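Note that the structure is predicted; figures quoted are calculated from it, not measured. Proteins come first, then strands; the chains are lettered A, B, ... in the order of their sequence lines, and each starts at number 1.
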Amino acid sequence: MADFDLSASFIPALHKPSALLPIAKHRESLLYLIETNQVTIIVGQTGSGKTTQIPQFLHQAGWCEDGKVVAVTQPRRVAATTVAIRVAEEVGCEVGKEVGFSIRFEDVTSAATRIKFLTDGLLIREALVDPLLSRYSVIMVDEAHERSISTDILLGLLKKILKRRPELRVVISSATLQAEEFLNFFSTHSDEPKSAQNEGGNAGAIISLEGRTYPIDILYLESPSEDYVEKAVSTVFEIHTKEAGGDILLFLTGREEIDNAVEAISERAADLRPGAQSILVLPLYAGLSTEQQMYVFDEPPENTRKVIVSTNIAEASVTIDGIVYVIDSGFVKLRAFDPKTGIETLTATPVSKAAASQRAGRAGRTKPGKCFRLYTEQNFQALPDANIPEIQRTNLAPFVLQLKALGIDNVVRFDYLTAPPAELLIKATELLYSLGALDEYAKLTRPLGMRMAELAVEPMMAKTLLTAQSFGCLSEMLTIAAMTSLGGSVWIQRDGEKKQMESARRRFAAEEGDHLTLLNAYQAFVSKGKKESRFCHENHLNFKAMTRAVSIRGQLKRYLERFGIAADESLKGPPTGTSEQIRRCLTTGYFAHAAKMQPDGSFRNVEGGTVLHAHPSSLMFNRKADWVVFHEVMETGSKTFIRDITKIEKAWLLEYASGFYQLKS
DNA sequence: GAGCACTGC
């Protein structure tokens, strides 16, 4: 018994004790600030431990007594789940007990849950049922500086709720640049009498927490570069030949650029002198399958430097360890919505200063790093401080509908952190009126408008679903709604298998267009394919997306059942809605997205002013049609594409949307 | 002939 087996006697700690985190020494002052202020802004560097520690401090300090809950919101699902799992480990409980999380389709909480991580979109939805969010004693809004539209709407709601609940505490985590803006927002009360202010304590406070990151050298170009992809490739090799070991992360804007850069880097890497350290180059973007994305986390082989060429996904959503060098092109593709035309654009735009420093920060996670910016220091100084908030450049129809459902009738006077342009609000209101969700006084209609707000799909599809029963095609529309909400990720193109994917897609093709094709694919997946991944692999379908479609369809079906609208889904035989019923039903929701094919094969919208092209992924690409409706329109580069297209009859437009088209002419 | 990233009781 002489042997003393270390591994049997000691269990390695899963996590560093939280006392070692920089935040621990601020514990008392943090708790004091939260106690005495309704709103506390935390400026926490990455690695400060704010997200994992603050909820535990609050719990220990008694904020969860009398059954109250501390909520922590995140803009992304993965963050909500991974942080919850970590905090549960630190607390020493099972996830779903004292510490839990709640995201769409996954509620891992129980009556015992005291610390709850959730997405901010979900917390807004909770306000539909519990307008004062009364079960929460503290609500921490994490990553507020990202300014997602859900975060902005949530902050506006919280400001309203704070006036009615003086005992509620709000904690906002922000980057340095925006802390004052958040504080100002919460300390000015535009339309309240003075006496109502500061009732629950002081209006607010800001506290800074230092992080635990390593220094990063920032390097700029001396003169601007003409082609940043080419410059990026040569910079990779300069780092590789001149700098010490460590992996490289290169930020470009999109799939095409990334594929080109990956190819160029592997070609040049083949010319490296024999015996030198080699290069392993990997792409990273959302359009890749999960397996392809996972490669970036693998250890590279011996004597090999890993180079990851990524979109913005690596800026905040995906964190890769071992990165020592960052190369920043200075550009990102951003979505914007033109209220005049109703068309979304996707364009490469210069990043903000905040985004540039976030990118640079990806280099210093494990040791000191370097960031090579492919632009000059003057270029950097000219960049905007922060990105334009999403609320100022997005289609607001879904959010106007939500605000109305929350009892906020005057959406123009709602207290926004940053007000959206009036045209966006008008456009959204007009669309909701034409769909029948709002009446002529812009009040939410009942039951139609209220039900549309409760359905978790965009308003045009919500309207379609709510009329489907009267067309006898509810079962089919549930499937189509679930499939279109996947956003084009249904089919997967594997390397060099383009032809095979095309022919797989043709197997499900329906003459009438993409919606019925999606319906065919789903029905094959759940019947013949038995919801198995093998079927997806054989048919070039995205298994993850198809599984998600099954969940979404189930959720939508339950919502409708609650409204007393039940799909007749008897066990025998396929659904019975005819193609015409389905296409008529689509027209009742998508009349605003109608277009007519021209002799040259392009489309014009009803007003005739906009030239639209079928997206190459659509069945209507290279096919004849007359009138169509489509799910989505997007301008990229110089062309405007429509996606998910289905043939309809012109007469149906007049039948279901005469008001809309009279209004327009 | 081709789309950044997120997200919903």
statement: Against the side chain of A/F621, the closest entry in B/dC6, B/dG8, B/dG1 is B/dG1

field: Taking every non-hydrogen atom, the tightest pair across A/A397 and A/L432
entry: O-CD1, 3.6 Å

query: Taking the nucleotide of DNA chain B with the closest heavy atom to each, which residue, A/S485 or A/G637, is nearer the 5' end?
result: A/G637

message: Is it the case that B/dC9 (base atoms only) and A/R562 (side chain only) share a donor and an acceptor within less than 3.5 Å, ignoring hydrogens and angles?
response: yes

query: When all nucleic acid strands are considered with a 4.0 Å heavy-atom cut-off, which category describes A/T636: base, sugar-phosphate, or nothing?
result: sugar-phosphate

Nearest-angstrom distance from the residue atom CZ of A/R393 to P of B/dA5: 14 Å

DNA chain B contacts among residues 444-461 of chain A, heavy-atom distance under 4.0 Å: A/E454, A/L455, A/A456, A/V457

query: Does A/N539 have any side-chain hydrogen bond (donor to acceptor under 3.5 Å, both in side chains) partners at least two apart in sequence or in another chain, and if so, which?
result: A/R507

query: Knowing that exactly one of A/I565, A/L466, A/T479 qualifies, which makes a side-chain contact (heavy atoms from CB on, under 4.5 Å) with A/L474?
result: A/I565

task: Determine: side-chain N/O of A/R77 to OP1/OP2 of B/dG8, distance under 4.0 Å, yes or no.
output: yes

query: Taking atom C1' of B/dT7 as reference, at what distance in whole Å does atom CZ of A/F105 sit?
result: 11 Å

message: Does a side-chain N or O of A/T311 approach OP1 or OP2 of B/dA5 to a distance below 4.0 Å, or not?
response: yes

- request: Report the nucleotide, chosen from B/dC4, B/dT7, B/dC9, that has the shortest atom-to-atom distance to any side-chain atom of A/R76.
  value: B/dT7

task: Check ring pair (Phe, Tyr, Trp, His ring centres under 6.0 Å) between A/Y590 and all other residues, then give those that pass, not counting sequence neighbours.
output: A/H631

statement: Note: for A/I103 and A/L346 on DNA chain B, the residue whose nearest nucleotide lies more 5' is A/L346

field: Among B/dA5, B/dT7, B/dC4, the nucleotide that comes nearest once only the side chain of A/S317 is considered
entry: B/dA5

query: For B/dC9, does either OP1 or OP2 sit under 4.0 Å from a side-chain N or O belonging to A/Y559?
result: yes

field: N/O (side chain, A/T119) to phosphate O (OP1/OP2, B/dG8) under 4.0 Å
entry: yes

- prompt: Rounded to the Å, how far apart are A/Q402 CD and B/dT7 P?
  reply: 15 Å

- request: Give the rounded distance in Å between these two atoms: CG of A/L619 and C1' of B/dG1.
  value: 14 Å

message: Can you measure A/I153 atom CD1 to B/dG8 atom C1' for me and round it to whole angstrom units?
response: 13 Å

statement: From the candidates B/dC9, B/dC6, B/dA2, the one with an atom nearest any side-chain atom of A/E502 is B/dA2

- prompt: Between A/F251 and A/E315, is any pair of side-chain heavy atoms under 4.5 Å apart?
  reply: yes

task: For the residue pair A/F603 and A/N605, establish whether any side-chain heavy-atom pair is separated by less than 4.5 Å.
output: no

query: Quick one: A/E632 CD to B/dC4 C1', roughly how many Å, whole number?
result: 13 Å

field: Polar contact flag, side-chain donor to acceptor under 3.5 angstrom, A/E257-A/Y285
entry: no

task: Would you mind checking if A/E502 and A/R505 are paired as a salt bridge, meaning a charged N to carboxylate O distance below 4.0 Å?
output: yes

message: B/dC9, OP1 or OP2 - any side-chain N/O from A/Q555 closer than 4.0 Å?
response: yes

task: Compare the minimum distances between each of B/dC4, B/dA2, B/dC9 and the side chain of A/P616, then state the nucleotide with the smallest one.
output: B/dA2

task: For A/R104 and B/dC6, give me the distance from atom CZ to atom P, rounded to whole Å.
output: 16 Å

task: Please state how far atom CG in A/D120 lies from atom P in B/dC9, giving the value in whole angstrom units.
output: 12 Å

